[in-house]
J.: 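One structure, pasted below without further comment.
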Amino acid sequence: MLRPPFHCDHERMSRLFLCALVLFSLHLEAETIQFPQEELANESVLPVFDRPQAVKNRRVNVAERFEVGLVGGADLSEPFFGPFSFGGSLAYNFGETQGLYFSFNSSLKQDSTFKKQLESDTNTNLDGAPRVEYLLLANYQYAPFYGKMSITKQTVTNFHLFFTAGGGLAAMGGQMNPVVSLGLGQKFYFSPRWALRFDLRGLVLNGPDPLSVAIPEGGPVPEISEFKKRLFINTFLTAALVVVL
């Protein structure tokens with residue numbers, strides 16, 4: 001049988017080509033490109049914007065405007081007396097993020113279920129004991145977050161997330177006691193003027209302890225000065241209907 005004069009082994013040729021390629025790549029070196037010193041920049045700068053705006057075409061504008069609200073609140077830490085209160089609020093916004101917030105809450109004269117149980121089980125009388133009659137607060141307000149959300153495809157709700165810090169006075173038994181307030185909250189706008197506002201605050205109060213003095217049942221209530229003072233840390237939640245003027 002006659003064989004062709006040239007026989008090509010493809011597998012052997014592929015191996016030889018791969019070995020040659022590897023040997024050639026070992027001799028390659030990265031070429032360094034140098035530029036003249038006078039052509040290089042001496043310093044670098046970033047673009048400067050005079051007034052950068054994170055939000056454009058804001059739907060709700062509160063800068064240099066007043067806000068008036070109807071407030072309902074609940075003291076979540078009150079064990080003996082009714083936690084609910086009502087009142088009003090007034091705020092002034094220096095800009096879109098900063099403002100002052102004033103609120104007044106008057107407590108409803110009610111007793112809690114725990115107070116009634118305590119009186120029946122331990123023969124303790126708390127009728128006439130000092131309680132928070134009204135609360136007056138002044139807070140600095142900082143609202144760094146503004147946005148919008150859509151629950152349905154037809155409606156868009158704008159909101160403000162804010163932080164508050166300040167203080168005020170709490171009336172207990174005809175005596176005014178200082179209060180320190182720290183909190184956070186959020187406003188949900190139905191329109192550019194109307195909103196629902198929710199505040200959750202921590203209140204630090206140094207006031208009279210209603211359990212520090214025994215109150216005789218059916219007898220006269222001791223003077224407020226006879227009650228010892230203690231530190232109260234309460235959680236206060238409020239909801240308000242707000243209108244921007």
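What's counted below: heavy atoms across the whole structure, side chains too, no hydrogens, waters or symmetry copies.
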J.: Who are the salt bridge (Lys or Arg N to Asp or Glu O under 4.0 Å) partners of D75, not counting sequence neighbours?
T.: none
J.: Are any of the side-chain heavy atoms of R201 and T164 separated by less than 4.5 Å?
T.: yes
J.: For a quick test of reading the model, state the closest non-hydrogen atom pair linking S181 to N139 and the distance between them.
T.: OG-OD1, 3.4 Å
J.: Classify the angle between the aromatic ring planes of F163 and F145 as parallel (below 30°), tilted (30 to 60°) or perpendicular (above 60°).
T.: perpendicular
J.: Checking N158 now: which residues fulfil side-chain hydrogen bond (donor to acceptor under 3.5 Å, both in side chains) with it, not counting sequence neighbours?
T.: R59, Y146
J.: Would you say the side chain of N61 lies within less than 4.5 Å of the side chain of E96, judging by non-hydrogen atoms?
T.: yes
J.: Closest heavy-atom contact between D127 and I215?
T.: O-CG2, 3.7 Å
J.: Tell me, which pairs form a side-chain hydrogen bond (donor to acceptor under 3.5 Å, both in side chains) where one or both residues lie in residues 235-245, sequence neighbours left out?
T.: none
J.: Under the rule for side chain to side chain contact (heavy atoms under 4.5 Å, CB included), what residues qualify as partners of L182, not counting sequence neighbours?
T.: A165
J.: Run the side-chain hydrogen bond (donor to acceptor under 3.5 Å, both in side chains) test against Y92 and tell me which residues pass, sequence neighbours left out.
T.: none
J.: Answer yes or no: are there more than 12 heavy-atom neighbours, outside F86 itself, under 6.0 Å from its atom CZ?
T.: no
J.: I'd like a table of donor-acceptor pairs (distance under 3.5 Å, sequence neighbours excluded) in which one partner is a side-chain atom from residues 168-179, with atom names and distances.
T.:
from	atom 1	to	atom 2	distance (Å)
N177	OD1	K229	NZ	3.4
N177	ND2	A170	O	3.4
N177	ND2	Q175	O	3.2

J.: With ring centroids as reference points, do Y189 and H160 lie under 6.0 angstrom apart?
T.: yes
J.: Is it the case that more than 12 heavy atoms not belonging to I233 sit under 6.0 Å from its CD1 atom?
T.: no
J.: Check whether any side-chain heavy atom of P144 lies under 4.5 Å from a side-chain heavy atom of T97, and answer yes or no.
T.: no
